[in-house]
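Data first, discussion second: the structure below is written as structure tokens.
In each ligand, atom 1 is the first atom listed, and ligand 1 is the first ligand listed.
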Amino acid sequence: MIRFYNTLTKQKEEFTPLEGNTVRMYSCGPTVYKDATIGNMRTNIFMDTLRRVLKYNGYNLKHVMNITDVGHLVSDGDEGEDKMIKSAREEKKTPLEIAEHYTKLFFRDLERLNIDLPEIIAKATDNIPDMIEFVKKLIQNGYAYETSTAIYFDVSKLDAYGILSGIDVRNQKAGARVEVDKEKRNPYDFAVWIKAPENHLMKWDSPWGLSYPGWHIECSTMSQKFLGEVFDIHTGGIDLIPTHHENEIAQSKGACGKIPAKFWMHGEFLLINGGKMSKSLGNVYLMEDIIQRGYNPLVYKIFCFTAHYRNKLNFTWEGMDAAATSLARLQEGYYKHLEGNKTISQEVIQEYKQKFLEAINDDLNMPLAMSVVWDVVKQPEKSKQYADLLLDFDKVLGLRLQETQRQETTSLELPPEIEELLQKRKEARERKDWAMSDSIRDALKEKGYQVIDSKEGMKVEKIK
Ligand code: AMP
Ligand code: ZN
């Protein structure tokens, strides 16, 4: 039995797909106006683990992720400039160039982390006519109204706006939000469609003149278009609960009277040294920074598995060092089992498999699942059956266990400094960073160690 925590009901519930064997799922994807951080990637690792767990349980997936390339304003509500246009102005590029550049980098990071791509990737700008139809429907149904600047959703028309985050709009006074548009009927009303000021770069013809979609309407429209009015799971980061997802629910209720997803699952934030990641503190890290420091990107993935996705996770470089050791131990443990010749009873294998399954099916309890993985790695009896079991677990972990080459060293007692350089070189080679690999080889030579690369792996000898 699979159980997931549902933000909507605030409890763990048994999960089964609404229809047949296919799970229909929607994930709020990136706004492609800047580099994705390792924080964003934590949310994507959560999404990937969820996909892998569902597949491991034998389900098919129809998973949609959107790419927001218009309409996400500087405030997550509906105020300020469009993030894409702000970025285009600052970088002296067109919004299209900005979108293409950051979309490419985003997918490169997903690939580095061995994150499987959703079946459908939907760009907001490719789905504008459907969004216009959605807005028309909201107006027809009496849930939206036009002002001189936008089409607003009237939250007072819903009996339960705030169902996901528990806000009670009746207690909110006008002015509670930063800027109040005098034409708004209620302070919590939000823009579904925005009229473009003159010289605005991204705009489309619509019944309301040249204009562009609001961020929230994009997700409501694309989820309904590709997955239907009600689908199984909606995911995102925890910050999306109070505004974006609340507004998606409001829009779907306005359009068809239904909450669009049965399960709402949210990933907690990554903290840096116990606090927020922010430009002003100079502690915004990208996958690129992790690679620059010589780590295999998958070290970050195994680092993320040390916390449950619903708990905050504190990023430190010491934590990354520990994770690098874990990944190396896991790989070495796999190879040791692969060389083993012991026979293990099927009962024992099945017991481990069952424990692993129970952990992942209990709301993706990856720390517990990893403890089962370590139990198998540490077994003193070396057996190919255990190696196969670890490969089976890797379908969920996605740590490319089979694809990484084993680090072969001679039985030389190596100083820790040399061990560390060898590990960094191995990771550089895994990500095909030949320049880094060569410079580490030279550094080793200077310290009196010769590295020999072969198909079987890396060997080190002391220069006489
Ligand atoms: P942003 O680039 O801030 O718009 O973030 C895009 C999405 O990534 C957010 O909606 C969050 O769901 C997620 N996200 C941002 N920062 C973090 C973080 N520090 N930890 C986990 N997820 C994050
Ligand atoms: Zn969304």
Side-chain angles (χ1 to χ4, degrees), residues 7 25-49 63-77 80 82-84 86-87 98 102-103 105-106 109-110 113 115 118 121-124 127 131 134 164 190 192 213-227 231 233-252 260-261 264-279 281 283-287 300-301 303-304 307-315:
T7 310
M25 176 167 140
Y26 186 93
S27 297
C28 289
T31 303
V32 283
Y33 72 108
K34 66 172 171 55
D35 289 306
T37 68
I38 56 171
N40 305 141
M41 285 303 139
R42 182 183 184 204
T43 298
N44 287 299
I45 289 170
F46 149 60
M47 172 194 89
D48 182 55
T49 309
H63 179 196
V64 179
M65 180 166 71
N66 67 296
I67 302 283
T68 298
D69 54 358
V70 64
H72 190 167
L73 304 191
V74 172
S75 103
D76 277 359
D82 187 312
K83 287 181 176 185
M84 296 299 300
K86 183 168 181 281
S87 193
I98 291 289
Y102 289 111
T103 303
L105 293 186
F106 175 75
D109 280 351
L110 296 193
L113 287 162
I115 291 174
I121 308 277
K123 255 174 33 181
N127 292 280
M131 294 175 199
F134 203 113
L164 201 59
F190 58 90
V192 291
W215 173 35
H216 320 304
I217 203 76
E218 296 173 9
C219 285
S220 288
T221 305
M222 293 188 282
S223 64
Q224 192 195 78
K225 176 174 173 180
F226 296 107
L227 299 173
F231 49 94
I233 307 175
H234 197 313
T235 78
I238 197 159
D239 57 321
L240 301 185
I241 298 173
T243 308
H244 186 54
H245 287 171
E246 208 70 87
N247 293 350
E248 276 189 48
I249 290 177
Q251 289 166 157
S252 289
W264 292 75
M265 295 175 70
H266 295 96
E268 247 294 357
F269 260 43
L270 178 83
L271 304 179
I272 308 282
N273 293 320
K276 243 189 115 161
M277 191 183 334
S278 85
K279 255 193 188 160
L281 293 171
N283 64 5
V284 175
Y285 295 125
L286 314 180
M287 284 313 296
Y300 181 63
K301 199 173 197 183
F303 171 77
C304 286
H308 190 272
Y309 79 89
R310 285 198 293 119
N311 289 334
K312 291 187 175 64
L313 172 61
N314 190 31
F315 179 88

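Residue Lys34 has at least one nitrogen or oxygen atom sitting less than 3.5 Å from a nitrogen or oxygen atom of ligand 1, judged on distance alone. Distances between N or O atoms of Thr37 and those of ligand 1 include no value under 3.5 Å. Residue-to-ligand polar distances place Gly39 within reach of ligand 1: an N/O pair is separated by less than 3.5 Å.
Contact atoms of ligand 1 toward Thr43: 13 (C), 21 (C), 22 (N), 23 (C) (distance under 4.0 Å to a heavy atom of the residue). Near Gly237, with a cut-off below 4.0 Å to any heavy atom, the atoms of ligand 1 are 12 (O). Close contacts of ligand 1 with Leu240, meaning ligand atoms under 4.0 Å from a residue heavy atom, involve 10 (O). Listed by atom number, the atoms of ligand 1 under 4.0 Å from Glu268 heavy atoms are 21 (C).
Residue contacts with ligand 1, taken as heavy atom pairs separated by less than 4.0 Å, do not involve Ile238 at all.
For residue His245, no N/O/S atom approaches the Zn ion (ligand 2) to within less than 2.8 Å. Within the 2.8 Å limit, His216 places no N, O or S atom next to the Zn ion (ligand 2).
Residue Lys86 places its NZ atom among 12 or fewer non-hydrogen atoms of other residues, nucleotides or ligands, all under 6.0 Å distant.
The angle Cys28:SG - the Zn ion (ligand 2) - Cys219:SG amounts to 130°, with values rounded to 10 degrees.
One N or O on the side chain of Glu246 and one on the backbone of Leu164 form a donor-acceptor pair closer than 3.5 Å. Here the side chain of Thr37 pairs a donor or acceptor atom with the backbone of Gly39 at under 3.5 angstrom. Although no hydrogens or angles enter the test, the distance criterion places no donor-acceptor pair under 3.5 Å between the side chain of Ser87 and the main chain of Lys83.
Counting only non-hydrogen atoms, the option in Asn40, Asp239, Leu313 that gets closest to atom 5 (O) of ligand 1 is Asn40.
Distances from ligand 1 to the non-hydrogen atoms of Thr31 include no value under 4.0 Å.
Contact record, Met277 with Ile38: CE-CG1, 4.3 Å, taken as the closest heavy-atom pair. The shortest heavy-atom contact between Cys28 and Glu248 is SG-OE2, 3.6 Å.
Centroid-to-centroid, the aromatic rings of Phe315 and Phe303 come within less than 6.0 Å.
Classified by interplanar angle (parallel below 30°, tilted 30° to 60°, perpendicular above 60°), the ring pair Trp264/His266 is parallel.
With a 4.5 Å cut-off on side-chain heavy atoms, Phe46 and Glu268 do not count as touching.
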